[in-house]
J.: 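Can you read through this structure? Questions will come right after.
All values below come from the heavy atoms of this structure, side chains included, with hydrogens, waters and symmetry mates left out.
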Amino acid sequence: MPTLSNRFQRLVSATEWDPFSVLGPHRGESTDSSGVCIRAFLPDAAEVAVLPGRNGNTPIPMKLVHPAGVFEARWEGHSLGTDYQFRIVDRQGKSSQRHDPYAFLPRISDFDLHLFGEGKLYRSYEQLGAQVCTHQDVPGVNFAVWAPNAKRVSVVGDFNEWDGRRHPMRSRGGGGIWELFIPDMNDGAVYKFEILPQNGDAPFLKADPYASSAELRPKTASVVRDLSGYEWRDGEWMASRQNWDPLAQPWSIYEVHLGSWRRVPEEGSRWLTYSELSKTLIPYVKDMGFTHIELMPVTEHPFDGSWGYQATGYFAPTSRFGTPAEFMAFVDACHQAGIGVLMDWAPAHFPEDPHGLAWFDGTNLYDHSDPRLGFHPEWNSRIFNYGRTEVKNFLINSALSWFDRYHIDGLRVDAVASMLYLDYARKAGEWIPNKFGGRENLEAVEFLKELNTVAHQEHPGIVMIAEESTAWPGVSKPTYVGGLGFTFKWNMGWMHDTLDYFSLDPIYRRFHQHNVTFGLVYAFTENFVLPLSHDEVVHGKKSLLDKMPGDEWQRFANLRALYGHMWGHPGKKMLFMGCEIGQWWEWNHDDSLQWHLLEYDRHQGLQRYVADLNRLYASQPALHQVDYDWTGFQWIDLHDSDHSTLTYFRRAKDPSDIVVCAMNLTPVPRETYRMGVPNAGYYRELLNSDSEAYGGSNMGNAGGVQAEDMPWHGQPFSVVITLPPLAAVFFKPV
C-alpha cells in the first residue's frame, strides 16, 4: 500500500485515480479516534483555514504538508461531516471562501449505475454531464462522465485555471463512470474533462458528451447551463399531441437551415438568433400554411459546412443562435402558433474532431477500432458501436432529451441506410459480414428498434422519421410485427422519379409516364413522406426552378405543376426553404435566401400558390386523412401518356368526401378534356395552378363544371374540363 507521501506525490503529479482516499475528511487519522483529518490540494493558496459548521466557529488553521500545495488540518473531537468551508488567502493576498468538493458523497445512485451498465438508464441525461443542483444542502454542479479506460479524469476550466490536478474525479467502479460534485459553481462556467489514458500518453482534453451547452465555435469547451426554471406555455399543444394520430393529420413540413434562412446583411451578414427567428420565421411559416418546421440539425457541431450532420454535442442546441433557454422559447412559440417542430438528428456517425467522441478515453470507446466497422469512407467520420450498451444508451438518451427538455415533436433520423448495411459505401473486402454471413448490421437494427420503441413509450404522440433510401422492409412498421418502428419514412424513390420526369422537356414525357405513376405501386408499403429536401438543391444539382425545362414562363408553370402533383399524391409533404419562392441559385449555407426575388411577380405568384396549396391540403380531409391505404386513392386515368395527363381522386375516411386531381404536364392546353368522375353533381374548381394570381395564363373552368351522365374512364359519370398548360387543377363535388 502506498505511503501518504507517495499519495501526495501522485496527487500533485495528476496521476492519482482515487483522490477521495487522500483529500477531504478522513476519520481515524488524528490522535483522537473520534476526530477527523481534513486535506485539500490548493496550489494557489498561501494560507488556508477550516471554518467548521455554519455559525462561524473558530477557524482551524491548515498546515502545508506538501510544498506543491497540499494542506491538512486535524480536527479533534468532531464527527466526520461536510459542514465546513475553506477560507483561502491566495498569493496576492485575496481572500475567498469555498466548500470542499471532497467532503460530498456521490450523487448518482448504485441502482442508476446498474441501469446505465445495462443500457436501460433512459434519463441518464439527468445524471451524466454537468447537472446544476443542490447536493447535501449546498448548491453547485455535479459532473459525471463515462470513461472506463481512463487512468484519471479531472474537471478543468477557467474556475481552476485548467489545472487537471485540482479537481480529479471519483471512479464509481467497473462501469466506468467518474463523478465529482463541485460546490458553489455558477451557471455559465466553461469546462472540459482532462483524461489521462492508461497507455502512458499525456493527458488530453475532451468536451462533455452529455453537455447541455457549448462555446461558440471555433471554441470547443462545454458550458454549464441550468435548464430548470423555464415556464412552458404550450400545455394545450402537448396535451393534444398525446392523442393525435399522425398518419391521419396534414403534414406540410418546411425544412429550414437556421443559419441561412435569413441573415442581417447590415451587421456583417450575421445569423438570426433563436429569439429573432421566433419573431420572423414562425409568422412566415404560419402565413405560408405549413404545419411543421423541420430544423436541419441544431445539435452542436464544430464545422458550419457539415450543416450540423457532424455533431459533437448530442444534447446541446448550437450556441450559434443563442442559449438552451432561448431555444426552448423558440419551440414554445412554434407550439403556441400551432406549428410542430421536427429536428434532424444524426446517430449514424460522428466527426474525428479532437475535442469530441473520437478516441474519447484513449480507446475507441464510442466506435470500432477496426476501420471496416468503425470508419465511414464517404463522410470521413466514425461509426457508432451500436452493440455497446453504453453507446446505445447515449444515443437513445440524446433522442429522449430533445423530447423531454425541448418539447420537440419528432426526429428525422439521418442516413438510416448507412446504419443498416455493413457494406454501405464500401467495396468488396472493405467490410465484415455479420455472424450469419450477411451484410445487415444486426446491432444497428436492434438499436433502431429499441430507440423507436422507447421514444414512443416515453413520449406518446412524437414521430420518428427515417431517411432510408433502400427497400429495407417494414421501416415504418411497428416493431411487434417485425418492423423498425419508425412513424414515417422518406420516399426517396418518388423524389428521384418525380424530379427526373419534371426535368425532361415535355416533348419527351410521353415516353416516361411511368416515372410519375410507378410510385403508386409501392405507395402504401410504408408510411411515406414526400421530400424535396436540401440535398436536391446543392452540389451542382441546381435549384428546383432551375431544373425545370423551357423558357421562364414554362419553368414556373412546371414547378407549380410539380408541387400540385406532390400535394395531391398520397404521403406527407416536405419542402426545403427557398423552394417556395423559386430560388434560381443553389442553396448556400453561408448566405441568406434570395428574398429579393419577391420583388418580381412570378416569384410572388409561386409563393402565393404554395401557401394556397397548403391551405387547401389542410382543409380537405381527402388530401391527408387516408395516405397509407388504397381506400384513399384511385386512379381515373394513368395511361394517357400521349397527352401527358394524370387524373386521380383522393378519398377521406368518409368515402363520400373526395377531391379530384387533374394534371396536364405539357405546354399544350386541353380545352375539352373529358374525365370520368365517381359522382353526379357539380364539381367546384378548388385550385388551379394556372391562375393569373400565381403567374399563370388564367385558363380555367369558370369556377366549376357539371357532371354528365356519361360513363368514362371506368367511372359512372364524366365532366368536360379545361386543362391548362403545365398545370394542376383540383375539383370537389358539391
Side-chain angles (χ1 to χ4, degrees), residues 11 14 16-27 36 38-42 48 50-54 80-86 88 96-113 116 121 123-147 150 152-173 175-195 206-213 221-228 315:
L11 190 69
E16 175 57 61
W17 68 273
D18 186 14
F20 281 82
S21 67
V22 185
L23 301 173
H26 296 273
R27 189 190 300 275
V36 64
I38 299 176
R39 293 192 197 92
F41 178 54
L42 301 165
V48 185
V50 176
L51 303 178
R54 303 183 182 182
L80 181 68
T82 63
D83 198 11
Y84 66 87
Q85 296 186 56
F86 295 133
I88 302 166
S96 62
Q97 193 168 306
R98 69 185 78 159
H99 289 88
D100 181 5
Y102 298 95
F104 291 84
L105 297 171
R107 182 171 177 266
I108 302 176
S109 70
D110 290 340
F111 181 63
D112 283 342
L113 292 176
F116 180 79
L121 185 60
R123 298 183 80 88
S124 64
Y125 54 88
E126 294 181 346
Q127 305 279 14
L128 276 72
Q131 303 294 332
V132 178
C133 61
T134 297
H135 184 39
Q136 297 175 210
D137 297 325
V138 177
V141 179
N142 198 67
F143 293 90
V145 64
W146 179 56
R152 185 263 305 165
V153 182
S154 298
V155 186
V156 296
D158 293 337
F159 59 92
N160 64 9
E161 299 179 356
W162 298 88
D163 186 346
R165 304 173 302 165
R166 299 196 190 189
H167 288 93
M169 305 177 77
R170 181 203 312 261
S171 171
R172 294 302 309 276
I177 298 291
W178 299 77
E179 182 180 10
L180 182 68
F181 176 73
I182 301 182
D184 312 314
M185 179 173 279
N186 297 321
D187 181 71
V190 173
Y191 72 99
K192 281 187 178 181
F193 294 117
E194 183 180 274
I195 297 176
K206 288 289 186 179
D208 181 1
Y210 279 83
S212 56
S213 184
S222 303
V223 180
V224 173
R225 291 293 183 197
D226 185 357
L227 300 185
S228 65
F315 296 81

J.: Is there side-chain contact between L180 and P101, with at least one heavy-atom pair below 4.5 Å?
T.: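 Yes - at least one pair of side-chain heavy atoms lies under 4.5 Å apart.
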J.: Can you see which heavy atom on P25 is nearest to which on Y102, and at what distance?
T.: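 Answer, listing the atom of P25 first, then Y102: CD-O, 3.4 Å.
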J.: Going through the checks in order, is the side-chain contact (heavy atoms from CB on, under 4.5 Å) test met by L23 and L11?
T.: CA-CA 9 Å; L23 301 173; L11 190 69; 3.5 Å; yes
J.: Mind listing the closest non-hydrogen atom pair of G188 and R225 along with its distance?
T.: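 The answer is CA-NH1, 4.2 Å.
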J.: Just how far is it from atom CZ of R39 to atom CG of L42, taken to the nearest 0.5 Å?
T.: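 R39 CZ to L42 CG: 13.5 Å, rounded to 0.5 Å.
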J.: Grab the two heavy atoms, one from D187 and one from V224, that are nearest each other, plus how far apart they are.
T.: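 Looking at all heavy atoms of both residues, the closest pair is OD1-O, 3.4 Å.
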J.: Treating W162 as the side-chain partner and K192 as the backbone partner, does any N or O pair qualify as donor plus acceptor under 3.5 Å?
T.: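 Not confirmed, W162 side chain does not pair with K192 backbone.
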J.: At what distance, to the nearest 0.5 angstrom, does CZ of R165 lie from OG of S154?
T.: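 Interatomic distance, R165 CZ to S154 OG, rounded to 0.5 Å: 10.5 Å.
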J.: Donor-acceptor pair, distance only, cut-off 3.5 Å: does the side chain of E161 make one with the backbone of D158?
T.: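 Between the backbone of D158 and the side chain of E161 there is no qualifying donor-acceptor contact (under 3.5 Å).
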J.: Taking NZ, NE, NH1 and NH2 as the nitrogens, is one of them in K206 or E194 under 4.0 Å from a carboxylate oxygen of the other?
T.: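 The answer is no: the pair does not qualify as a salt bridge.
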J.: Is a side-chain donor or acceptor of H135 paired with a backbone partner of L105 at a separation under 3.5 angstrom?
T.: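 Yes: the side chain of H135 pairs with the backbone of L105.
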J.: Between atom CD of Q131 and atom OG of S228, what is the distance when rounded to the nearest 0.5 Å?
T.: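 Answer rounded to 0.5 Å: 10.5 Å.
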J.: Set out, in order, the CA-CA distance, both residues' side-chain angles and the distance that settles side-chain contact (heavy atoms from CB on, under 4.5 Å) for V145 and M169, then state yes or no.
T.: CA-CA 9 Å; V145 64; M169 305 177 77; 4.1 Å; yes
J.: For side-chain contact (heavy atoms from CB on, under 4.5 Å), just list the numbers for V153 and W17, CA-CA rounded to whole Å, side-chain angles, deciding distance to a tenth of an Å, and then say yes or no.
T.: CA-CA 8 Å; V153 182; W17 68 273; over 6 Å; no
J.: Can we call the ring centroids of Y125 and Y210 under 6.0 Å apart?
T.: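 Centroid distance Y125-Y210: not below 6.0 Å, so no.
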J.: For the pair N160 (side chain) and G157 (backbone), establish whether a donor and an acceptor sit closer than 3.5 Å, ignoring hydrogens and angles.
T.: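 Looks like yes, one N/O pair under 3.5 Å.
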J.: Check this for me: does any side-chain nitrogen of one of R170 and D18 sit under 4.0 Å from a carboxylate oxygen of the other?
T.: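 No salt bridge links R170 with D18.
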J.: Between the main-chain N or O of W146 and the side-chain N or O of W178, is there a donor-acceptor pair closer than 3.5 Å?
T.: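 Between the backbone of W146 and the side chain of W178 there is no qualifying donor-acceptor contact (under 3.5 Å).
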J.: Hey, does the side chain of S124 reach the backbone of Q127 with a donor-acceptor pair shorter than 3.5 angstrom?
T.: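 It does not hold such a pair.
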J.: Examine distances only and state if a side-chain atom of H167 and a backbone atom of G164 form a donor-acceptor pair shorter than 3.5 Å.
T.: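 Pair absent, no side-chain N/O of H167 close to backbone of G164.
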J.: Could you pull out the closest heavy-atom pair between G24 and D100, with the gap in Å?
T.: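 The answer is CA-OD2, 3.4 Å.
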J.: If you measure only the distance, is there a donor-acceptor pair under 3.5 Å linking the side chains of N142 and E179?
T.: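 E179 and N142 do have a side-chain donor-acceptor pair below 3.5 Å.
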J.: Measure the acute angle between the ring planes of F159 and F143, then classify it against the limits of 30° and 60° as parallel, tilted or perpendicular.
T.: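 Taking F143 first and then F159, their aromatic rings lie parallel (interplane angle under 30°).
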J.: Calculate, to the nearest 0.5 Å, the distance between atoms CG and CZ belonging to D184 and R98 respectively.
T.: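 It is 9.0 Å, given to the nearest 0.5 Å.
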J.: Only one of F315, Y191, F193 clears side-chain contact (heavy atoms from CB on, under 4.5 Å) with S222; which?
T.: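 Running side-chain contact (heavy atoms from CB on, under 4.5 Å) over F315, Y191, F193 with S222 returns exactly one hit, Y191.
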J.: Both conditions, 6.0 Å and 45 degrees, for the charged tip of R107 above the ring of F181: are they met here?
T.: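 No; the conditions do not both hold, so R107 does not lie above the ring face of F181.
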J.: Let me confirm one number: the CZ-CZ distance from F111 to F116, rounded to the nearest 0.5 Å.
T.: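 Result: 15.0 Å between the selected atoms.
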J.: Before giving the answer on salt bridge (charged side-chain N to carboxylate O under 4.0 Å, His left out), spell out for R172 and D110 the whole-Å C-alpha distance, their side-chain angles and the decisive distance to 0.1 Å.
T.: CA-CA 9 Å; R172 294 302 309 276; D110 290 340; 3.1 Å; yes
J.: Would you indicate whether the side-chain heavy atoms of D163 and V156 approach each other to under 4.5 Å?
T.: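 Result no, sub-4.5 Å side-chain heavy-atom pair not found.
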J.: Closest heavy-atom contact between D208 and A130?
T.: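 Heavy-atom minimum between the residues: OD2-N, 3.5 Å.
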J.: Roughly how far, to the nearest 0.5 Å, is the CG atom of L128 from the CG atom of L121?
T.: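 So the gap between those two atoms works out to 7.5 Å.
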